[in-house]
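Notes follow once the structure below has been shown.
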Protein chains: 2
Amino acid sequence: MAVTIRDVARQAQVSVSTVSRALSAPGLVKEATRQRVLDVVAGLGYQPNRAARSLITGRTGNLGIVVPDLENPFFPSVLRGVQTRAGEAGTSVFFCDSREDPETEAELVRTMAPQVDGVVLCASLLTDDQITDLADLTPLVLINRIVPGVSSVLMDSALGMDLVIAHLESLGHKDYVYLGGPAAAWSNNRRLQGLAGRAQLLGSFEPNFTGGYAAAEQALKTNATAFIAYNDLMALGVLSYLAEHGVQVPQQISVTGFDDILYAAMCSPALTTIAMPTEEAGKVAVDLLASRLDGGPAEVRELPTKLVIRASTRKHPMSA
Amino acid sequence: MAVTIRDVARQAQVSVSTVSRALSAPGLVKEATRQRVLDVVAGLGYQPNRAARSLITGRTGNLGIVVPDLENPFFPSVLRGVQTRAGEAGTSVFFCDSREDPETEAELVRTMAPQVDGVVLCASLLTDDQITDLADLTPLVLINRIVPGVSSVLMDSALGMDLVIAHLESLGHKDYVYLGGPAAAWSNNRRLQGLAGRAQLLGSFEPNFTGGYAAAEQALKTNATAFIAYNDLMALGVLSYLAEHGVQVPQQISVTGFDDILYAAMCSPALTTIAMPTEEAGKVAVDLLASRLDGGPAEVRELPTKLVIRASTRKHPMSA
DNA sequence: CTGAAAGCGCTAACAA
DNA sequence: TTGTTAGCGCTTTCAG
């Protein structure tokens with residue numbers, strides 16, 4: 001068996017409680033004693049048994065995160081932020097992929113709940129009520145979603161949409177169409193708000209390559225000169241469809257995305273898009289969770305987005 | 001407080017031990033009793049406290065996975081397989097990203113070890129000795145790596161390389177160059193073996209877009225007509241560099257990758273590459289871990305790869 | 001087949 | 001400032 005707190009106590013000539021305190025409430029033991037204990041701890045390589053500690057404190061030292069699609073690079077990036085910040089606090093991260101399915105998402109949270117101190121929900125597809133219910137099970141922090149009484153980290157999509165439209169208009173575009181994402185996605189609705197009726201909405205598509213591919217087909221039937229995709233993955237699908245059908249980007253059609261995933265810079269033409277502070281969002285989410293666990297209030301934190309202009313947008317062909 | 005085993009025992013009119021047995025050793029209780037207990041369990045929504053159980057059994061019901069770069073879609077795909085299979089067994093998954101750093105990788109395993117029943121190590125960058133040492137801490141399963149005495153899941157890279165070369169030769173290419181990945185990566189060495197001296201090796205590059213971009217620059221200085229990249233991410237970097245420098249693919253140069261990540265089909269030209277059964281590998285890894293925990297021996301399982309021909313390869317310009 | 005009781009490793013009163 | 005003690009929720013002997 002591994003080394004226990006008793007082994008440390010014996011060797012440091014103190015009681016187990018002193019060892020416990022030296023480790024988790026340093027202020028409560030004499031400095032000299034603490035040092036002696038710490039030395040023994042280091043010497044023996046003692047690591048407190050988490051299960052035992054958890055049994056008493058009710059805290060697990062773990063946190064969970066659920067994302068809708070790990071294969072969308074947007075989410076790994078958030079995950080990195082979460083891992084980084086959690087790691088600093090000695091917290092471990094349980095991860096799950098809901099595969100864009102609300103049922104699965106809720107189920108995953110319920111499964112995780114008993115073994116974590118809280119869950120980060122990314123781009124949740126659940127209803128407000130479902131989220132509120134889950135929040136009773138375990139502290140929740142939402143990323144890109146707002147529900148009353150629950151902490152959130154937002155990457156401003158409405159502003160992002162504003163930037164996109166301002167950019168397109170400065171290029172002389174008058175007709176643009178928004179290729180929508182999942183109707184249940186908060187980000188989609190925020191983008192719609194940012195749109196403020198200035199562009200027509202074209203349906204609701206899967207937020208991935210395939211969805212974009214399908215959307216492009218429909219978009220071509222409009223007389224729009226610019227396609228605004230819900231996210232970069234969709235935009236890549238759009239580019240692919242257009243290339244295959246001999247439509248030149250950006251000469252004939254301008255295309256934009258959201259997220260600024262790695263591939264946005266790598267595809268051809270490189271994508272004009274809205275950059276999101278994903279990794280930062282992950283970190284902030286962990287902070288909000290921590291503050292919540294310390295009895296703090298639910299908080300909403302908004303992070304700025306910015307426009308990244310690349311090669312997929314150009315002056316409107318008919319304009320001056 | 002949540003409902004405990006006592007609550008169940010009381011309501012089912014049995015002792016706690018009977019409840020415990022009804023749940024974890026069904027054979028040891030009378031069928032009727034078991035049924036009564038199970039009914040109460042369902043009625044109360046009782047879930048055994050993992051920490052308490054873990055304290056006794058020494059098992060955590062968790063498993064860990066460490067990958068070098070979550071932003072390479074290859075790994076999310078493996079993770080999905082792991083999550084799927086683990087979920088079926090009621091096992092939770094801790095995840096970590098080592099950011100291609102061996103030190104970090106080892107540290108992560110050490111941190112995870114006490115809280116998991118085993119760890120899956122993907123494309124490890126550690127030395128054999130380091131891995132052997134870590135295997136003393138917790139059961140290990142390697143993906144794309146072989147170390148004596150440790151279970152592995154392999155996706156056959158040497159075969160993959162054979163397929164690539166056969167393909168290129170059938171197209172009339174004589175001079176091809178291999179743009180190598182990390183020297184510490186087993187996959188890289190396997191691919192090198194598959195190469196069997198039939199192509200020159202061009203250095204060792206970061207296994208990502210940037211690495212490929214840099215590699216392309218050097219590759220152009222050779223007289224090779226085909227570039228074989230260590231992985232798809234690098235191949236994408238190669239495509240990007242070539243496009244920016246006016247080199248036509250596949251008219252002037254053919255390019256291949258490994259992995260068949262999502263973007264291999266989405267880029268332009270779409271990439272000829274070797275498809276890897278990543279999700280399956282994740283599942284098998286969990287199976288091997290489970291069998292190991294049940295006292296089974298270390299096992300090596302090899303999964304087949306296959307060639308996916310797309311638009312980035314073409315007949316050698318000078319050949320008939 | 002079932003129950004009583006011990007105890008996993010740790011923290012948190014309560015005493016001293 | 002430190003030690004003693006009870007007990008977190010569960011599994012597992014050991015009796016019956």
Side-chain angles (χ1 to χ4, degrees), chain A residues 1-41 44-62 90-92 113-117 293-295, chain B residues 1-41 44-62 90 92 113-117 293-294:
Chain A
M1 219 3 128
V3 30
T4 82
I5 200 172
R6 276 172 213 272
D7 301 323
V8 178
R10 195 174 312 121
Q11 186 162 342
Q13 316 256 41
V14 293
S15 71
V16 290
S17 20
T18 300
V19 175
S20 176
R21 282 189 282 250
L23 292 173
S24 36
L28 296 179
V29 296
K30 198 164 61 178
E31 181 54 25
T33 324
R34 195 180 73 94
Q35 204 43 253
R36 188 150 40 93
V37 171
L38 260 36
D39 287 348
V40 175
V41 164
L44 260 40
Y46 167 71
Q47 281 194 289
N49 179 317
R50 286 230 195 184
R53 175 178 282 177
S54 164
L55 197 49
I56 295 257
T57 61
R59 289 258 193 126
T60 62
N62 302 329
T91 303
S92 303
Q115 340 178 30
V116 298
D117 298 332
L293 293 176
D294 288 348
Chain B
M1 223 2 129
V3 30
T4 80
I5 200 173
R6 276 173 213 273
D7 301 324
V8 177
R10 194 174 313 122
Q11 186 161 341
Q13 316 257 43
V14 293
S15 71
V16 290
S17 13
T18 300
V19 176
S20 175
R21 282 189 281 251
L23 292 172
S24 35
L28 296 179
V29 297
K30 197 164 59 179
E31 181 54 27
T33 322
R34 195 180 73 93
Q35 205 42 253
R36 188 151 38 93
V37 170
L38 259 35
D39 287 347
V40 176
V41 164
L44 261 39
Y46 167 71
Q47 283 193 287
N49 180 316
R50 286 229 195 186
R53 175 176 283 178
S54 163
L55 196 51
I56 296 255
T57 62
R59 288 254 192 130
T60 62
N62 302 329
S92 304
Q115 341 180 28
V116 298
D117 298 333
L293 292 177
D294 288 346

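Chain A is the first sequence line, chain B the second, and so forth, proteins listed ahead of strands; every chain is numbered from 1.
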When the distance from [atom1] of [X] to [atom2] of [N] is rounded to whole Å, what number comes out?
X	N	atom1	atom2	value
N49(A)	dC8(D)	CG	P	18 Å
Q13(B)	dT2(C)	CD	P	14 Å
L55(B)	dC10(D)	CG	P	12 Å
Q47(B)	dC10(D)	CD	P	11 Å
R53(B)	dC10(C)	CZ	P	21 Å
L23(B)	dT2(C)	CG	P	14 Å
Q115(B)	dC10(C)	CD	C1'	15 Å
R50(B)	dG9(C)	CZ	C1'	19 Å

Close N or O pairs between protein and nucleotides 12-16 of chain D (under 3.5 Å):
none

What distance do Q47(B) atom CD and Q115(A) atom CD have between them, rounded to the nearest 0.5 Å?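 Q47(B) atom CD to Q115(A) atom CD measures 8.5 Å (nearest 0.5 Å).
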Check whether any side-chain heavy atom of T4(B) lies under 4.5 Å from a side-chain heavy atom of N49(B), and answer yes or no.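 No, every pair of side-chain atoms sits at 4.5 Å or beyond.
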State, yes or no, whether a side-chain contact exists between N62(B) and R50(B) at a heavy-atom distance under 4.5 Å.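 Sidechains of R50(B) and N62(B): in contact.
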Just by distance, with hydrogens left out, do T18(A) and S15(A) show a side-chain donor and acceptor under 3.5 Å apart?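 A pair is found: one side chain offers a donor N or O, the other an acceptor, under 3.5 Å apart.
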Please work out which residues in residues 26-38 of chain A have a non-hydrogen atom less than 4.0 Å from an atom of DNA chain C and list them by number.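 Of all residues in residues 26-38 of chain A, none places a heavy atom under 4.0 Å from DNA chain C.
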Out of dC10(C), dG9(D), dT4(D), which nucleotide sits closest to the side chain of S15(A)?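 In terms of side-chain proximity for S15(A), the closest of dC10(C), dG9(D), dT4(D) is dT4(D).
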